[in-house]
Amino acid sequence: MSPALTPKKLVTIVCEAELEALLLPELKRQGARGYTLTEARGQGDRGVRDGAWRASSNIRIEVLCDDAVAGKIVDMLQTRFYADYGIVVFVVDASVLRPAKF
Amino acid sequence: MSPALTPKKLVTIVCEAELEALLLPELKRQGARGYTLTEARGQGDRGVRDGAWRASSNIRIEVLCDDAVAGKIVDMLQTRFYADYGIVVFVVDASVLRPAKF
Amino acid sequence: MSPALTPKKLVTIVCEAELEALLLPELKRQGARGYTLTEARGQGDRGVRDGAWRASSNIRIEVLCDDAVAGKIVDMLQTRFYADYGIVVFVVDASVLRPAKF
Amino acid sequence: MPFEPVILFFMLGLLAGVVRSDLKIPGVVYEALSIFLLLAIGLKGGVELARHDVLELAVPALVVVGVAMLIPLACFPVLHKLGRLPRSDAASIAAHYGSVSVVTFAVASSFLASRAVPADGYMTVFLALLELPALLVGVFLARRGQGQVQWSTLLHEVLAGKSIVLLAGGLLIGWLAGADGIRPLDRVFFDLFKGMLAFFLLEMGLVAAGRLGDLRRAGPFLVAFAVLAPICAGLLGVLTAGFLGFSLGNAVLLATLYASASYIAAPAAMRIAVPEANPALSIGASLGITFPFNLMAGIPLYHWLATHLQGVLS
Amino acid sequence: MPFEPVILFFMLGLLAGVVRSDLKIPGVVYEALSIFLLLAIGLKGGVELARHDVLELAVPALVVVGVAMLIPLACFPVLHKLGRLPRSDAASIAAHYGSVSVVTFAVASSFLASRAVPADGYMTVFLALLELPALLVGVFLARRGQGQVQWSTLLHEVLAGKSIVLLAGGLLIGWLAGADGIRPLDRVFFDLFKGMLAFFLLEMGLVAAGRLGDLRRAGPFLVAFAVLAPICAGLLGVLTAGFLGFSLGNAVLLATLYASASYIAAPAAMRIAVPEANPALSIGASLGITFPFNLMAGIPLYHWLATHLQGVLS
Amino acid sequence: MPFEPVILFFMLGLLAGVVRSDLKIPGVVYEALSIFLLLAIGLKGGVELARHDVLELAVPALVVVGVAMLIPLACFPVLHKLGRLPRSDAASIAAHYGSVSVVTFAVASSFLASRAVPADGYMTVFLALLELPALLVGVFLARRGQGQVQWSTLLHEVLAGKSIVLLAGGLLIGWLAGADGIRPLDRVFFDLFKGMLAFFLLEMGLVAAGRLGDLRRAGPFLVAFAVLAPICAGLLGVLTAGFLGFSLGNAVLLATLYASASYIAAPAAMRIAVPEANPALSIGASLGITFPFNLMAGIPLYHWLATHLQGVLS
Ligand SMILES: Nc1ncnc2c1ncn2[C@@H]1O[C@H](COP(=O)(O)O)[C@@H](O)[C@H]1O
Ligand SMILES: Nc1ncnc2c1ncn2[C@@H]1O[C@H](COP(=O)(O)O)[C@@H](O)[C@H]1O
Ligand SMILES: Nc1ncnc2c1ncn2[C@@H]1O[C@H](COP(=O)(O)O)[C@@H](O)[C@H]1O
Ligand code: NA
Ligand code: NA
Ligand code: NA
């Protein structure tokens, strides 16, 4: 493939929409340089979240970052949010252009 | 990376929005414990789906699950839906927290 | 896993919503057979894009394709769009059904 | 003005689509407008129903529904034998044309109002009643001899579908609350109706423009069908109205209901019950041709037919 | 008609949810409608406020807010001790019931209007004032002895939250512009109000239907609480109104404010300030039971109470 | 009241943005409102146009458009030479200021209406005509000597863009249908206009608040430009109107058109045609400063200028 690509991590977080204001500054604090956010619905152990109103909507946040920041984000989520909030996180290997950006 | 992470599969399905009511129960039947859904548009062999109304909208469903469930979901989609519906599925390796949840 | 699956690439592009009309034909030209698009918000080096109006909205485009097309898409983005637009691209390994489709 | 002004909005939408304008009405606005229109039509019908004896409608309703079921039964062989369409496609298209289009009905009401031709509000009851039966006929035609239909899923899909829920719900609320109870809501549901219809037609024009491409693939047979079927069904409507002694206005509305083709309930139901049918064909025909045809030529034609045949029949 | 017609829309939404209709009002429409209602209520209050001396409201406002803070303080021990709910859940639910529901207030205003009972527009000021204090009490109850509350975050969350910004902003604009300045906007903010409320109630019915499942898990104690708490709070409102010499209409509105439970500001604030509380319990009770109860039985009851007690008190 | 009440909504939105309220008007609502406003302005213009001889407008239109093209030509050297902005940024900003803002025009109309100053509906024609030319001038300035412009893409982008399609489409529908044909739509397109404008301004306030940060980066030169450019352009408008013998109301509207800076068509077009220009600068200036300046100070100023110079000129 294109030699321009460098391996990074893609961290994806799905959580309650109400968490947005709390979560984004924390991501920054762990070293995330940016994020991409889409509105989502879903279902998990806490039941159906159908998006009919804010209180039952989810958001899906993606952060491209290096290994170290990915680890810090995952740890932060586990310590601060996992106990009390409906939240799911997964990490995927991704190749990016302009690695210095992430 | 964070030692807390365990490998799982991320199954992503893109299909006609009208399929939602038919598809979600099938996913559950194959062992999916949850899903995340976003509204989408797109283009494929069946032409442009521009999201102007329900009949031309897509949905994008993600399921985190283990290998076995991922295989069953893919097989189910192939048997039940591929012939008649505009549907695309892809599977990616992902690492998750709390593996017992998926 | 399901033996029906074949390895392909998943190219994900996040960029300014205004780019849609310019970008989609280029993807086709590089060999993309389809795409999936969701509306997004985000933050990066160019500041917050909060989705309040079109000029501050992002789109998130996914293309499933083979290695060669993925490489050509990445190169095209780098040559044509990276200098002037807020754009991020990452490539992930994915397994798909019906490989001939992509 | 040969046209209802609201139709100009449809044409603007069509034009915008054809010149590939970046004008896009968000899908959410489409949803919101269709909820508004269905509810408003139901409410208006319900308020007028409260002024009548509901039981008097029972016999006409039976006749109207019974005759309507002939439409898909007649369309199917034409599409399958003459048009050589596969059984599933023929059945699905037949179901679309047997069912009804709410917006076409609304434009016909508006057409009558601007010509001061009175029509009864309870015609909405027929609108609600006519949605489902043709869909059942269509599924029956598609599945004859194969018998693996999930009728309960299908019935639920349609009866709990948003068009029936909002039309029937509106009828019921209007009927329970009566004109006086609804009055404080008039400013939204009645005064805004025509403007909202104009908006919706703008959007329908954009959507229809996106369907024109499908028609090239569909071929000339389906295009001809999409113009001739509504004319025949409209004539059937005028005759049925004559038989039932309907007023001129009611006759035009019934003809329009018969002539119109569904593009809300039918596509959703057929996608689930007859998945092997190609939706590009049925929606391309119903939305790409029959809908604009009815708006621009069909409704005036049914009006003309009803005016002239009424003299003959009575 | 025993009901306000708008309530029929709530029931239609509830029914649609229960039969699993595919009717969905997009979340964005919910947002837009709630912005409209908050702003319209604020504007109306502001216009009427411009006709009064604001300072005259100072003393009643103090009493109204002071008494209202008793509601969460009384609910908490009932929920925690009697209902054996964890401290955090008891505190969160108490906060919901101490705060207010804008839509319940709107329905009560509409109820009074259709019975021609006059009420003062400046009651909206109390609506805006009553949102916050109970939330502070709730957080205090949840955190007593642990003391790690981020009060500034919480205050910002509520004071810069959309309900306060729109209510207070509407009040201010109405007050600054006065009836004459607002007149060109009347067609949207006043004439459409009731129709928009009907729409919003349709949506609330759908949302509430999704909450009914939570109640099964919540158990009979919480269900009983969700009916009895508003009755007691409503009575407290009638008594407070009597003490302050409020008119009948104002008394009904105050009782409704006390009796109503928040489902906009409170859930958002509690999710941030008391995250370990289970939102299914508080929202299930306030939206699944108390909201419909107030609409269908509570408001007429507070009207009855106010009518009868007013004679006794004065 | 020194202000049009609708402007208070803009200020509320600005305030909500500045205090970081969670009030967010969904992007979809922004889209829907802007479609409504464009269409309504077009319709109103078209209805009034139907009362005039269109040909009479040809000469004034030529003059108005010709003079308007001087605006970007004059802005460019100021920005490029004096302000030391790169060629592409100077050209892009010049294009924004040469083009027009629909909402500023709507607020000016509303300002005149509330002061009972008559103005002609056909001024909307100029609004539609003035959008494009300055954008072409801007692209020409950016590309001078490099010559690789895709003019056809650019022309399509603007001419098939939603503002031209809706303004011109509305003009055409209004003109074809006339006042009588449009009457049934008045309840939506005319009665609701001002309320919808208020809503839109609330949203614009929120959007503008998000742009204030850009200004810090832009520096004092651009801030000064964003206030002085509209004043000069407004004066040019008053003089042009005097030359053409326009009425006072029309003069104020023309001055406002010249003084206003585009933030719908221009950003989209420049992003495609001059991608290396930084949109934060052009949008920050036009939406963060010039738009509020025109609303709060500019329009009254142009009114004052037109009132005083009219005496002098005639
Ligand atoms: N197995 C899963 N796959 C994908 N998304 C999930 C899964 N489980 C939960 N989610 C998402 O995470 C949200 C919160 O999950 P939970 O806390 O389990 O209810 C859900 O609403 C889903 O959007
Ligand atoms: N190569 C592709 N990459 C990404 N998404 C695709 C691709 N092909 C199809 N899709 C998505 O799948 C939907 C259905 O595909 P199709 O049945 O090929 O029309 C499309 O509307 C797209 O959203
Ligand atoms: N590190 C990142 N992770 C995920 N998305 C990003 C990242 N950086 C930028 N983006 C997305 O790409 C868009 C443009 O980025 P930029 O040009 O850096 O402002 C942003 O608005 C985000 O949606
Ligand atoms: Na029909
Ligand atoms: Na309360
Ligand atoms: Na200008």
Side-chain angles (χ1 to χ4, degrees), chain C residues 11-32 35-63 72-90, chain F residues 13 16-17 20 22-35 88 92 96 150 153-154 156-157 160-163 200 202-214 216-217 262-280 282-284 286-287:
Chain C
V11 181
T12 305
I13 305 163
V14 178
C15 68
E16 308 178 25
E18 311 268 21
L19 265 185
E20 181 175 338
L22 240 60
L23 195 55
L24 294 181
E26 287 296 330
L27 294 176
K28 203 169 197 171
R29 210 163 295 154
Q30 306 308 323
Y35 64 87
T36 295
L37 191 158
T38 51
E39 314 287 333
R41 307 185 266 133
Q43 177 163 7
D45 297 342
R46 293 172 189 244
V48 177
R49 301 185 57 79
D50 62 5
W53 60 328
R54 197 89 196 136
S56 74
S57 297
N58 287 343
I59 50 176
R60 182 184 183 279
I61 300 176
E62 286 173 316
V63 178
K72 286 168 72 180
I73 290 176
V74 167
D75 292 344
M76 175 274 289
L77 293 175
Q78 197 163 24
T79 328
R80 265 216 56 179
F81 295 107
Y82 258 58
D84 295 329
Y85 294 101
I87 190 164
V88 156
V89 63
F90 56 90
Chain F
R20 299 179 172 277
D22 74 344
L23 172 62
K24 275 196 196 112
I25 302 196
V28 162
V29 174
Y30 180 93
E31 286 298 314
L33 284 174
S34 68
I35 291 170
S88 56
S92 166
H96 281 70
Q150 289 189 292
T153 312
L154 177 68
H156 181 267
E157 170 75 15
K162 79 173 176 197
S163 34
F200 196 75
L202 179 67
E203 161 110 46
M204 293 298 298
L206 286 165
V207 171
R211 293 287 149 185
L212 294 179
D214 293 342
R216 242 162 284 143
R217 271 171 270 165
S262 166
Y263 55 85
I264 296 185
M270 290 302 117
R271 210 68 198 98
I272 304 248
V274 191
E276 70 275 27
N278 179 359
S282 48
I283 302 182
S286 77
L287 199 56

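The chains referred to below are lettered A, B, ... by the order of the sequence lines, with proteins before strands, and numbering in each begins at 1. What's counted below: heavy atoms across the whole structure, side chains too, no hydrogens, waters or symmetry copies.
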* Region of A52(C) that comes under 4.5 Å of a non-hydrogen atom in chain F -> both
* Asked: Is it the backbone or the side chain of E16(C) that comes under 4.5 Å from a heavy atom of chain F, or both, or neither?
  -> side chain
* Structure fact -> Okay, L287(F) and chain C: the region with an atom under 4.5 Å from a heavy atom over there is side chain
* **Proximal component of E157(F), with respect to chain C [non-hydrogen, under 4.5 Å]** => neither
* To do: Please state whether the rings of W53(C) and Y263(F) are parallel, tilted or perpendicular, taking 30° and 60° as the class boundaries.
  => tilted
* Asked: Would you say K24(F) and L206(F) make side-chain contact, with heavy atoms under 4.5 Å?
  -> no
* **Side-chain donor/acceptor of Y85(C) to backbone N/O of R271(F), under 3.5 Å** => yes
* Nearest 0.5 Å please: distance from the CG atom of D214(F) over to the CD1 atom of I283(F). => 8.5 Å
